[in-house]
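What follows is a short report on a single structure.
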Number of protein chains: 2
Amino acid sequence: MKKILQIISDAPLFNGLSEEQLNDVRQISVDKFCDKGKTIFLEGDDCNGFYIVADGKVKIYKVSFEGKEHILHIYGPGNPFGEVPVFAGRKFPANAQTLLKSHLLFFPRTAFVDLISKNPSLALNMLGVLSMRLRQFTVQIENLSLKEVPGRLASYLVYLSQEQGRTDVVTLNISKGQLASLLGTIPETLSRILTKMNQQHLIDTRGRNIILKDLSGLEDLAEHGKLQ
Amino acid sequence: MKKILQIISDAPLFNGLSEEQLNDVRQISVDKFCDKGKTIFLEGDDCNGFYIVADGKVKIYKVSFEGKEHILHIYGPGNPFGEVPVFAGRKFPANAQTLLKSHLLFFPRTAFVDLISKNPSLALNMLGVLSMRLRQFTVQIENLSLKEVPGRLASYLVYLSQEQGRTDVVTLNISKGQLASLLGTIPETLSRILTKMNQQHLIDTRGRNIILKDLSGLEDLAEHGKLQ
DNA sequence: CCAGCGCCTTGACTTAAGTCAAAAAAGCGT
DNA sequence: ACGCTTTTTTGACTTAAGTCAAGGCGCTGG
């Protein structure tokens with residue numbers, strides 16, 4: 001297991017903080033170990049702090065009345081989540097659940113707000129994190145409202161290719177069902193579109209590995225294209 | 001014209017600041033007067049500050065490759081916009097244009113960041129503003145991915161009813177075409193759904209005034225319903 | 001008062017994507 | 001390797017919502 005101080009100093013939120021500041025941060029953090037599938041909080045729950053993923057994977061999601069689930073984010077090591085109600089209102093706006101056995105760090109609200117008030121650079125980091133998140137949401141909304149599913153999938157593949165630093169092949173780190181939910185669709189539709197993309201030699205699916213046969217074609221599709 | 005200091009102290013972003021702090025804020029703000037239809041910035045433009053609407057109305061929107069426009073927000077007096085790139089990256093993630101003759105206050109990036117570093121309460125206010133915005137985006141994404149258009153429209157009407165503090169009638173302050181874009185659809189579809197809602201005695205449209213004949217029915221529809 | 005111009009509505013048609021049901025494939029623990 | 005569960009794929013069908021095109025309504029200005 002990685003040292004907690006190491007995890008903290010690696011998180012973007014605490015980037016560039018001094019040794020002393022990092023120690024302060026460590027002082028107020030509380031460890032939380034969760035099995036796979038554990039619900040961390042539900043939409044509407046009262047919030048008295050936020051979390052950082054030290055190890056494992058967490059999904060943030062909304063559920064419709066009929067029980068349909070839409071995944072908003074999947075977070076891994078170093079990512080914070082649940083910070084919104086720390087600064088605005090008291091309730092969580094979505095649900096959080098572990099996808100794997102996970103190690104989380106919990107930061108109690110009041111202690112963290114105190115810390116921020118005393119450390120301008122921590123405040124600026126937090127502003128940066130929230131702003132990045134707003135930027136991502138803007139893209140997500142654009143995708144949902146302006147593109148159809150093939151375009152969203154292509155965007156995601158291009159994003160993965162950048163994320164994983166490869167132009168030849170990418171690996172899904174979530175199930176296709178979860179990917180469907182993340183793209184705002186259902187497994188059947190995703191499956192059909194993957195088949196179509198195969199037929200048009202854009203990709204070649206090998207389980208969770210997807211060979212990118214025509215990256216620029218995918219970029220095109222992500223930007224504005226239609227699949228025939 | 002309202003005094004600028006008054007406008008500033010009324011904005012949520014500067015809530016609870018001292019006289020002195022408000023003066024500091026005023027010091028760095030720059031007035032900008034725009035006619036109706038003026039583009040303030042475009043997606044991808046370099047950003048060196050953000051704005052607050054002192055008077056008028058501004059739309060924030062994305063445009064798809066085919067030229068289809070999706071409105072993300074419409075902001076009025078007291079609302080800040082364009083803050084994201086101040087804290088994350090350099091570029092604006094969307095476009096901004098005035099809907100009316102407007103008076104804006106511009107806050108240059110570096111001066112504002114300096115100010116925040118010295119005023120923890122301003123930093124916390126800003127964190128609050130960004131967090132509220134994330135909360136709104138979460139709702140928007142939920143609406144787009146989990147509800148069909150009638151549900152989104154019902155949500156919007158219920159929201160307007162709360163906003164305007166009336167349960168009997170609400171007034172649209174934007175055109176129906178713009179509303180369609182805000183709901184992620186097109187004018188034709190919106191029009192048809194309004195007609196259906198009329199037929200089912202949920203509402204009664206009188207131009208831009210909409211009589212709410214069955215608010216609880218609308219709430220129901222917003223929550224989980226389908227229109228027959 | 002009427003012409004002209006946006007804005008909104010209506011109709012006929014097309015299409016993307018969801019539903020339901022079942023089969024096939026892939027994982028997983030023993 | 002086996003039987004079980006879960007995930008993924010495929011097929012037939014339905015439906016919400018988009019496109020295209022035409023018409024109506026309600027302004028404002030001459």
Side-chain angles (χ1 to χ4, degrees), chain A residues 35-37 59 64-71 99-101 143-154 171-200 203-210 221 224-228, chain B residues 36-37 59 64-71 99-100 143-154 171-200 203-210 221 224-228:
Chain A
D35 285 336
K36 172 176 170 177
K59 75 172 170 192
S64 76
F65 180 77
E66 302 94 20
K68 216 166 54 177
E69 168 180 317
H70 178 83
I71 297 178
L99 291 175
L100 300 174
K101 198 166 181 298
N143 282 343
L144 282 174
S145 61
L146 260 26
K147 293 183 196 162
E148 22 202 68
V149 184
R152 291 180 231 158
L153 174 56
T171 304
L172 299 181
N173 47 2
I174 50 176
S175 77
K176 287 183 183 156
Q178 285 164 351
L179 175 57
S181 169
L182 198 55
L183 296 176
T185 186
I186 54 171
E188 291 96 317
T189 299
L190 177 61
S191 176
R192 286 185 240 270
I193 290 168
L194 283 170
T195 306
K196 258 194 194 164
M197 284 185 171
N198 269 298
Q199 284 163 0
Q200 300 189 216
I203 58 173
D204 199 345
T205 51
R206 297 259 184 278
R208 285 200 182 178
N209 295 317
I210 297 182
L221 188 59
H224 52 265
K226 298 216 180 284
L227 211 53
Q228 317 307 349
Chain B
K36 172 177 170 174
K59 74 171 171 192
S64 76
F65 181 78
E66 302 94 20
K68 216 165 54 173
E69 168 180 318
H70 178 84
I71 298 178
L99 291 176
L100 301 174
N143 282 343
L144 283 173
S145 62
L146 258 26
K147 293 183 198 164
E148 17 201 74
V149 184
R152 291 181 232 158
L153 173 57
T171 305
L172 299 181
N173 47 2
I174 50 177
S175 77
K176 287 184 183 157
Q178 284 165 352
L179 175 57
S181 169
L182 198 54
L183 296 176
T185 186
I186 55 172
E188 292 95 318
T189 299
L190 176 61
S191 178
R192 285 186 241 270
I193 290 168
L194 283 169
T195 306
K196 258 195 196 167
M197 285 187 171
N198 269 296
Q199 284 163 0
Q200 301 189 218
I203 59 173
D204 198 346
T205 51
R206 296 257 184 281
R208 285 201 183 179
N209 295 316
I210 297 181
L221 187 60
H224 52 264
K226 298 217 179 283
L227 213 52
Q228 316 307 350

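Just so you know, these numbers come straight off a predicted model, no measurement behind them. Throughout, protein chains are lettered first and strands after them, A, B, ... in sequence-line order, and every chain is numbered starting at 1.
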Dot-bracket for DNA chain C: what is it, with Watson-Crick or G-U pairs under 3.5 Å, [ ] where a pair crosses earlier ones, and | for a pair to another strand?
||||||..||||||||||||||||||||||
Does [X] have a side-chain nitrogen or oxygen under 4.0 Å from the phosphate oxygens OP1 or OP2 of [N]?
X      : N      : answer
A/T195 : D/dT10 : yes
A/T185 : C/dG18 : yes
B/K68  : D/dG18 : no
A/S191 : D/dT8  : no

Could you give the [atom1]-to-[atom2] distance, from [X] to [N], as a whole number of Å?
X      : N      : atom1 : atom2 : value
A/L146 : D/dA17 : CG    : P     : 16 Å
B/K147 : D/dA17 : NZ    : P     : 13 Å
A/K36  : C/dC28 : NZ    : P     : 8 Å
B/R192 : D/dT15 : CZ    : P     : 18 Å
B/Q178 : C/dC7  : CD    : C1'   : 11 Å
A/L190 : D/dT10 : CG    : P     : 12 Å
B/L179 : C/dC8  : CG    : P     : 10 Å
B/L153 : C/dC8  : CG    : C1'   : 15 Å

If every non-hydrogen atom of [X] is compared with every non-hydrogen atom of [Y], which pair is closest and at what distance?
X      : Y      : result
B/A180 : B/L190 : N-CD2, 3.7 Å
A/L99  : A/Q178 : CD2-NE2, 3.4 Å
A/G177 : A/P187 : CA-CG, 4.1 Å
B/T171 : B/N209 : OG1-OD1, 2.9 Å
B/L221 : B/P150 : CD2-O, 3.9 Å
A/H70  : B/S145 : CG-OG, 3.3 Å

If you take atom types as modelled and just measure distance, does the side chain of A/R206 reach the base of D/dT8 with a donor-acceptor pair under 3.5 Å?
no
Of the nucleotides [options], which one has an atom closest to the side chain of [X]?
X      : options                : answer
A/S175 : C/dT19, D/dT7, C/dG18  : D/dT7
B/K176 : D/dA17, C/dT9, C/dA17  : C/dT9
A/I186 : D/dA17, D/dG18, C/dG18 : C/dG18
B/E188 : D/dC20, C/dA21, C/dA16 : D/dC20

Measure the spacing between CG of B/L194 and OG1 of B/T189 and express it to the nearest 0.5 Å.
11.0 Å
Could you state the interatomic distance from CG (B/L153) to CD (B/E148), rounded to the nearest 0.5 Å?
12.5 Å
Closest-nucleotide mapping onto DNA chain C: is A/R208 or A/T189 further toward the 5' terminus? I mean the 5' end.
A/T189
